[in-house]
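In what follows, a structure is listed as structure tokens, so that the remarks can point back to it.
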Amino acid sequence: MSATQAIIAQDERFGAHNYHPLPVVIAEAEGVIVRDPDGREYMDFLSAYSAVNQGHRHPRIIAALKAQADRCTLTSRAFHNDRMGEFLQKLCAYTGYEMALPMNTGAEAVETAIKLARRWGVEVKGVENGNQEIIVCADNFHGRTSTIISFSTDPDARVNYGPYAPGFKIIPFDDVPALEQAIGPNTVAFLVEPIQGEAGVAVPSAGYLQAVRRVCSEHNVLMIADEVQTGFCRTGRKFACDHEGVRPDVMTLGKALGGGVFPVSAVVADQPYMGVFTPGTHGSTFGGNPLGAAVAIAALEVLEEEKLAERAERLGQTFRAAMARIECPRIRQVRGKGLLNAVVFDDQFEAWDVCLALRDAGILAKQTHGNIIRFAPPLVITEEQLQSALRIIRDVFQEIA
Ligand SMILES: *Cc1c(COP(=O)(O)O)cnc(C)c1O
């Protein structure tokens, strides 16, 4: 048995089966390249769902982690630590918001935004507590907590996890009239991904986010953009909402905020919204910890100094242009922004075998919804690495009957 097989067997035996991973084991990683225990090399085209935008083990982020590990790692929020403020100031400067609330995972950031919106609904908008309504989109992905899966439309995420949290109304994505119709006197927020990543990189029509912004403002409803996957340069801008010059009232952030090194998430908003939180009303033991803060500061510096938004924009165009030239009768569409892209195959197509063939050729990518493969390499990928990946992907795709 190879080292890879032994490790997979161990995972299967002792781990809960709540994932169905591609059969590959990653033991070492650097930049875009990952290596398995048997010495094979691959290019990572998933980037841990865009948590590794800065590349695996970016030297600057690892240095920040090590230095902070030698000073102080955790204080809880019962005391101040000397890194959180610096982190939050930097995050506010980067995002252009007045205040930030640090958490750990993306789902916690979304939970925080839901709580913010509900409180704001009662204390500012005047909705009676218990009646607050939040509008969300079909095919959303916002995380795995029991409240969040209550408004998922994915049966796998939801089934048999009832009773489900009330207070959510589901409308189609990319449908402005549906949003206008769904808003009532108790609506406090519209929670939306500017591009639906897990749904298969669903890019809304041009002008959608601007229209959402206008409708939310007109009806005194908070626009909450979940930028956990699309944020931090992935789509060729700092945030996907920047493509339309839209400033949401609240953004949820995570994944690449921790530079692929440490879980760090946050909610950003201006004072009139963030002000609803008062001492004791929300929190997290690890949220704002100095180790995560030090990592996140370095993660943000890397995004800026290496101009990763510009890089993602340029290389994304190269990627989509090359994909469009591939002759494969089963491909229906190539879509995405920046380096968040997907190739959509025929409805009945099973992309799992293609992902296995890609793996054997040295590219790690994962299908979503059976017939869609997402391609999202670390944003530090070089032009040469991208060209070599494109040749591999072309060869694999042209093999498909
Ligand atoms: C990944 C993701 C989340 C959840 O983040 P976790 O860190 O896995 O909890 C939330 N929203 C979006 C858009 C995501 O892609």
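Read the numbers this way: they start at 1 and go in the same order the structure lists the ligands and their atoms. Just the heavy atoms: all of them, side chains too, but no hydrogens, waters or symmetry mates, feed the values below. Note that this is a predicted model, so its numbers are computed, not measured.
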Practice problem: State plainly whether the residues Arg374 and Glu198 are in salt-bridge range, i.e. N to O under 4.0 Å. | Solution: yes
Determine the interplanar angle of the [X] and [Y] rings, folded into 0 to 90°, and report it as parallel if under 30°, tilted if 30 to 60°, perpendicular if over 60°.
X      : Y      : value
Trp352 : His20  : parallel
Phe319 : Phe375 : tilted
Phe151 : His142 : tilted

Quiz item: Can any side-chain N or O of Asp395 pair as donor or acceptor with the backbone N or O of Ile392 at less than 3.5 Å?
Solution: no
Quiz item: Who are the residue neighbours of ligand 1 when the rule is a heavy atom under 4.0 Å from any of its atoms?
Solution: Thr105, Gly106, Ala107, Phe141, His142, Gly143, Glu193, Asp226, Val228, Gln229, Lys255
Quiz prompt | Flag for Thr187-His219: side-chain donor and acceptor within less than 3.5 Å | solution =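 Their side chains do not contain a donor-acceptor pair, so the 3.5 Å distance test is not met.
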